[in-house]
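Reading through the structure tokens given below for one structure.
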Amino acid sequence: MLKKYSITALFSLLLIFTAFTGGVLAETPEPALSPEIAEALADVDRVNTEIETEIVKVQEKAEKMYADYISKRDNAKNIAEENKAWNKYDEKIEAEIAKLQTKTERMTAKGIEKAEAAGLIVEVEWIPVQFADRERKIDPIKVIGW
């Protein structure tokens, strides 16, 4: 008799779970992709690609500057020459990174303005980027929705 009740209870629980979990697991349909939205998404992708291209250019310059600094440091005859090499390297690389950040911030601001005008919901996504011996955050566009 106990076996009969446990099987009945098991099937009852199984029925309850299958009946009430269908709505939770159902997918929500994505909003339709209009031509304007598709074009705006392509623009955001283009801006992010341009930002990535600029980042790579500065990363390559930074690696070259760092290699030059290491060479000068290793060939320095005293601490004053090492410090001079470091100061020169530090000044040059910080100027390059600052110029990149200014340029990408401008590109991002224009891209966000265009994307929002087209109906996209976007935000700035700060990502860490390595430049030789230092790291900075750069700001590509992230699409949240439309």
Side-chain angles (χ1 to χ4, degrees), residues 6-7 9-146:
S6 29
I7 292 174
L10 179 66
F11 281 122
S12 297
L13 286 174
L14 184 62
L15 179 63
I16 290 170
F17 286 132
T18 57
F20 294 109
T21 58
V24 174
L25 301 176
E27 289 187 30
T28 56
E30 272 192 32
L33 194 62
S34 69
E36 295 83 20
I37 297 294
E39 185 178 331
L41 289 170
D43 283 344
V44 168
D45 190 46
R46 182 188 49 77
V47 169
N48 285 341
T49 301
E50 289 174 7
I51 289 171
E52 182 64 31
T53 301
E54 294 300 321
I55 289 171
V56 169
K57 285 180 191 176
V58 174
Q59 284 176 320
E60 289 170 355
K61 278 185 184 179
E63 288 299 326
K64 184 179 181 311
M65 285 189 276
Y66 187 69
D68 290 345
Y69 157 70
I70 295 296
S71 174
K72 288 177 183 176
R73 184 194 68 189
D74 291 346
N75 292 328
K77 294 177 179 64
N78 56 42
I79 194 78
E81 285 182 12
E82 284 183 31
N83 288 339
K84 183 179 176 184
W86 170 258
N87 290 336
K88 185 177 177 183
Y89 162 71
D90 189 52
E91 184 179 312
K92 286 172 71 176
I93 195 166
E94 287 298 329
E96 285 293 326
I97 293 171
K99 190 166 78 172
L100 171 70
Q101 287 178 318
T102 301
K103 186 174 187 175
T104 59
E105 286 171 7
R106 243 180 309 145
M107 292 167 73
T108 300
K110 286 180 185 177
I112 286 176
E113 188 177 305
K114 261 180 112 173
E116 287 177 342
L120 294 180
I121 302 167
V122 293
E123 70 180 10
V124 173
E125 179 184 27
W126 294 93
I127 58 167
V129 178
Q130 190 72 35
F131 298 99
D133 64 334
R134 53 199 74 199
E135 185 178 276
R136 296 293 186 275
K137 294 200 179 225
I138 305 293
D139 56 343
I141 303 169
K142 181 178 181 180
V143 176
I144 304 300
W146 57 87

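Just so it is clear, the values below take in all heavy atoms, side chains as well, and ignore hydrogens, waters and symmetry mates.
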Item to complete: Please report the shortest heavy-atom distance between G111 and V47, naming the atom on each side.
Response: CA-CG2, 4.2 Å
Discussion item. Taking the basic N atoms (NZ, or NE/NH1/NH2) and the acidic carboxylate oxygens, is any pair closer than 4.0 Å for R46 and E50?
Written reply: yes
Discussion item. Is there a side-chain contact between D90 and Y69 in this structure, where contact means two heavy atoms from C-beta onward sitting under 4.5 Å apart?
Written reply: no
Discussion item. Between T53 and T49 (side chain of the first, backbone of the second, donor and acceptor by atom type, cut-off under 3.5 Å), is there such a pair?
Written reply: yes
Worksheet item: Are more than 12 heavy atoms from other residues, nucleotides or ligands located less than 6.0 Å from atom CD of E91?
Response: no
Worksheet item: Can you tell me how far OG1 of T108 sits from CD of E125, rounded to the nearest 0.5 angstrom?
Response: 11.0 Å
Worksheet item: Less than 4.0 Å between a side-chain N and a carboxylate O, is that true for E54 and K57?
Response: yes
Discussion item. I'd like to know if the side chain of T104 reaches the main chain of I138, judged simply by a donor and an acceptor atom lying under 3.5 Å from each other, with no hydrogens or angles considered.
Written reply: no
Discussion item. Within the structure provided, determine whether Y66 and I93 are in side-chain contact (heavy-atom separation under 4.5 Å).
Written reply: no
Practice prompt. Taking all heavy atoms of K137 and all of Q101, pick out the closest pair and write down the distance.
Written response: O-NE2, 3.4 Å
Discussion item. Checking the side chain of Q130 only, and the main-chain atoms of R134 only, is there a donor and an acceptor separated by less than 3.5 Å?
Written reply: yes
Worksheet entry | Pair E39 + K114, salt bridge at N-O below 4.0 Å | no
Practice prompt. Measure the shortest side-chain to side-chain distance between E113 and K110 over non-hydrogen atoms and say whether it is less than 4.5 angstrom.
Written response: no
Item to complete: Would you mind reporting whether L33 and L41 have side-chain heavy atoms less than 4.5 Å apart?
Response: yes
Item to complete: Inspect the contact between K88 and D68 and indicate whether a charged nitrogen and a carboxylate oxygen are less than 4.0 angstrom apart.
Response: no
